Asker: 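Pasting a structure below so you can have a look.
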Amino acid sequence: MSRTSAPAPVDQQADAPLSHGLKQRHLSMIALGGVIGAGLFVGSGAGIAAAGPSIVIAYAVSGLLVMLVMRMLGEMSAANPASGSFSVHAERAIGPWAGFTAGWAFWFLLCVAVGLEGIGAAKIMTGWLPGTHEWAWVALFMLVFCGTNLAAVKNFGEFEFWFAAIKVGAIALFLGIGALAILGILPGTDAPGTANLTGDGGFLPNGTEGLVVGLLASVFAYGGLETVTIAAAESEHPVQGVAKAVRTAMWRIAVFYIGSMAVIVTLVPWGDPKVVEKGPYVATLDHLGIPAAGQIMNVVVLVALLSAMNANVYGASRMACSLVGRGQGPKALGRTSGGVPRTAVLVSSVFGFLCVLLSYWRPNDVFMWLLNMIGAIILVVWIFIAVSQLVLRRRTEREDPSKLVVKMWLYPALTWVALAGMVAIFVLMAREPDTRTQLYYTGGLTVALAAVGYLRQVRARRVGAAG
């Protein structure tokens, strides 16, 4: 065994205490619903405002990149299911420092995201119930999802199953209504033709710069799929579960995202201010005269935010538990009870709630500092995934080819294409003033974690040599 490989027995011990209460239907819905969040329902409006109709191309390009990343991750997770997912794979392929860096960076991302989603959900509730306090709603949501994650893992699976079902159903209904409107079949509407696609500045109204902004927005909207490979380790049949979930989810999510963008820019003028103010889905339904469209979509967005909170508390706790099980964190976080890492759930929830408090206490400095640090973490994780797949694929083919239940397409060519795409996105981020700041902060966090991880690795090697 090479010195950069994670010892198999340690990984098994890390994952063994966790229960196996997730069913295939849970995994499939987690995969489908994991990326259908407020970023799609609301945040995509900024991308449309920048790119115009060419947002369809932006989502198609980033969607292809995400499909390649998920195929790589699916290959490794089916061969070696682990609750630490890509962190475990990075440790095996590159070294303990890489597993430490990828794992804790992702944990930090999920915890801050929990706070952001809680704030978004609270704003919707205070809009419905004026006079109530946002912090009180956030506290309530945190208590609910901390409770569900402290209980058996099947409770998390059931919550996510129904949350995801509502989101998927809403998207499917939206696509159906949109298709009828585009064809001129929906009562009270006329077929728009290509007027909104080619008018008002054409398909690329803001040129390639607008397309670049739309591309960056779309890349980060896809984040969240990784949770399914974390959850797979707690399913009844981990290998078959992750293989099926990854295979079926990729093309469906591409249809949901790209299809939604195509419907929106075909039916609504891209420059309509409501696309940003209300969100593109609400703007489209309002444009079609659908009654109570705003409130209907607010319910869906609320569900999306609560679903993301639930999934992120789960993902953060499992990542922390896996890291501790491999000697990459405080031992207290790895304690499990009833197959659930309850200490990790509590710590992850507390950190998420702390982020909410910071948004009230220091909204202009500390909270923005946190937001900038997580700005490009998902890209860092994807790079670790791609590099790990390059190494582990060769190793698996040599040692046990039967484990390759899921295979990366056209290996290694498409893996290198995906890596080139990630580097290109970093270059594009460096060119944009807004995203350049995020790049600096994320880079600083990544370098700091890598340095700590490397020092820990060197110290462990010295202790091992002395012993």
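Quick note: residue numbers are just sequence positions, from 1. A quick note: this is a predicted structure, and the numbers were derived from the prediction, not measured.
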Asker: Test V219 against W382 for side chain to side chain contact (heavy atoms under 4.5 Å, CB included), laying out the working first.
Answerer: CA-CA 11 Å; V219 165; W382 289 355; 3.7 Å; yes
Asker: Please check: side-chain N/O of T396 versus main-chain N/O of P401, any donor-acceptor pairing under 3.5 Å?
Answerer: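 No, because the side chain of T396 does not come within donor-acceptor range (under 3.5 Å) of the backbone of P401.
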Asker: I want to check something: taking the side chain as every heavy atom from C-beta on, are I124 and L305 in contact at a cut-off of under 4.5 Å?
Answerer: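 Yes. Closest side-chain heavy atoms under 4.5 Å.
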Asker: Closest heavy-atom contact between L302 and A121?
Answerer: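 Minimum heavy-atom contact is CD1-CB, 3.7 Å.
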Asker: How far does CG of L73 sit from CE of M408, to the nearest 0.5 angstrom?
Answerer: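 One finds 11.5 Å between CG of L73 and CE of M408.
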Asker: Suppose we screen for side-chain hydrogen bond (donor to acceptor under 3.5 Å, both in side chains). Which residues come up paired with S54, at least two apart in sequence or across chains?
Answerer: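 Result, side-chain hydrogen bond (donor to acceptor under 3.5 Å, both in side chains) vs S54: none returned.
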Asker: According to the salt bridge (charged side-chain N to carboxylate O under 4.0 Å, His left out) rule, which pairs have a member within residues 74-85, sequence neighbours left out?
Answerer: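 Those involving residues 74-85 are E75-R393.
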Asker: Any chance CD of E397 has more than 12 other-residue heavy atoms, nucleotides or ligands included, within less than 6.0 Å?
Answerer: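 More than 12 heavy atoms, drawn from other residues, nucleotides or ligands, come within 6.0 Å of this atom.
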Asker: If you round to the nearest 0.5 Å, how far is CG of L392 from CZ of R398?
Answerer: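 It is 10.5 Å, given to the nearest 0.5 Å.
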Asker: Judged by atom type as modelled, is there a donor-acceptor pair below 3.5 Å linking the side chain of S87 to the main-chain atoms of A102?
Answerer: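 Such a contact is absent between S87 side chain and A102 backbone.
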Asker: To the nearest 0.5 Å, how far apart are CH2 in W162 and NZ in K167?
Answerer: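 That separation rounds to 15.0 Å.
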Asker: With a 4.5 Å heavy-atom cut-off, do I55 and S44 have their side chains touching?
Answerer: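 The answer is no; the side chains never approach within 4.5 Å.
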Asker: Working to the nearest 0.5 Å, report the span between OG of S85 and CE of M76.
Answerer: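 One finds 7.5 Å between OG of S85 and CE of M76.
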Asker: When rounded to the nearest 0.5 angstrom, what distance separates OG1 in T435 from CD1 in I425?
Answerer: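 Answer for the OG1-CD1 pair, T435 versus I425, is 11.0 Å.
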Asker: Return the CZ to CG distance between R71 and L410, rounded to the nearest 0.5 Å.
Answerer: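 Separation between the atoms: 11.0 Å.
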Asker: Testing the basics here: between S348 and A344, what is the closest heavy-atom pair and its distance to 0.1 Å?
Answerer: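 Taking S348 first and A344 second, the nearest heavy atoms are OG-O, 2.8 Å.
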Asker: Distance alone, cut at 3.5 Å: any donor-acceptor contact between the side chains of S322 and R326?
Answerer: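 The answer is yes; a qualifying pair exists.
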Asker: Only counting residues at least two apart or in another chain, list the ones meeting side-chain contact (heavy atoms from CB on, under 4.5 Å) with Y440.
Answerer: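 Here the qualifying residues are R436.
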Asker: Got S62 and L215 here, is their nearest side-chain heavy-atom distance under 4.5 Å?
Answerer: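 Yes, at least one pair of side-chain atoms sits under 4.5 Å.
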Asker: Quick one: ring-ring contact (aromatic ring centres under 6.0 Å, His included) partners of F351, sequence neighbours excluded?
Answerer: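 Checked F351 against ring-ring contact (aromatic ring centres under 6.0 Å, His included); matches are W107, F108.
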Asker: For residues P341 and R318, determine if any side-chain heavy atom of one lies less than 4.5 Å from a side-chain heavy atom of the other.
Answerer: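 In contact.
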Asker: Counting N and O atoms only, with roles assigned by atom type, does the side chain of W104 sit under 3.5 Å from a partner on the main chain of L323, one being a donor and the other an acceptor?
Answerer: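 Such a contact is absent between W104 side chain and L323 backbone.
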Asker: Go through the steps to decide whether I57 and L204 satisfy the test side chain to side chain contact (heavy atoms under 4.5 Å, CB included), and finish with yes or no.
Answerer: CA-CA 10 Å; I57 294 177; L204 275 164; 6.0 Å; no
Asker: Does anything in residues 71-93 form a ring pair (Phe, Tyr, Trp, His ring centres under 6.0 Å)? List the pairs, not counting sequence neighbours.
Answerer: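 Pairs touching residues 71-93 that pass the test: F86-F106.
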Asker: Flag yes if more than 12 heavy atoms outside F426 fall under 6.0 Å of its CZ atom; otherwise flag no.
Answerer: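 Atom CZ in F426 is packed in, count exceeds 12.
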Asker: Okay, side chain of R431, backbone of V427: is any donor-acceptor separation there less than 3.5 Å?
Answerer: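 Not a single qualifying donor-acceptor pair exists.
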Asker: Starting from the C-alpha separation in whole Å, work towards a yes-or-no answer on side chain to side chain contact (heavy atoms under 4.5 Å, CB included) for T101 and F384.
Answerer: CA-CA 9 Å; T101 304; F384 275 116; 4.0 Å; yes
Asker: Only counting residues at least two apart or in another chain, list the ones meeting side-chain contact (heavy atoms from CB on, under 4.5 Å) with A262.
Answerer: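 So A262 forms a side-chain contact (heavy atoms from CB on, under 4.5 Å) with V56.
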Asker: Where do V313 and C146 land on the side chain to side chain contact (heavy atoms under 4.5 Å, CB included) test, with the steps shown first?
Answerer: CA-CA 7 Å; V313 170; C146 183; 5.7 Å; no
Asker: Check side-chain hydrogen bond (donor to acceptor under 3.5 Å, both in side chains) between S317 and all other residues, then give those that pass, not counting sequence neighbours.
Answerer: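 Listed in chain order: nothing, the list is empty.
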Asker: Scan residues 340-361 for pairs that pass salt bridge (charged side-chain N to carboxylate O under 4.0 Å, His left out), counting only residues two or more places apart or in two chains.
Answerer: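 For residues 340-361, and leaving out neighbouring residues, there are no salt bridge (charged side-chain N to carboxylate O under 4.0 Å, His left out) pairs at all.
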Asker: Could you tell me which residues satisfy side-chain hydrogen bond (donor to acceptor under 3.5 Å, both in side chains) with N310, sequence neighbours excluded, listed by chain and number?
Answerer: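 In terms of side-chain hydrogen bond (donor to acceptor under 3.5 Å, both in side chains), with neighbours along the sequence ignored, N310 is linked to T148, N149, E160.
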Asker: Under 3.5 Å, which donor-acceptor pairs link side chains of residues 414-424 to any protein atom two or more places apart or in another chain?
Answerer:
from : atom 1 : to   : atom 2 : distance (Å)
T415 : OG1    : Q389 : OE1    : 2.7

Asker: Under the salt bridge (Lys or Arg N to Asp or Glu O under 4.0 Å) rule, collect the residues that match up with K403, sequence neighbours excluded.
Answerer: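 Checked K403 against salt bridge (Lys or Arg N to Asp or Glu O under 4.0 Å); zero matches.
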Asker: Looking at residues at least two apart in the chain, or sitting in another chain, which of them share a side-chain hydrogen bond (donor to acceptor under 3.5 Å, both in side chains) with S260?
Answerer: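 Result, side-chain hydrogen bond (donor to acceptor under 3.5 Å, both in side chains) vs S260: Y281.
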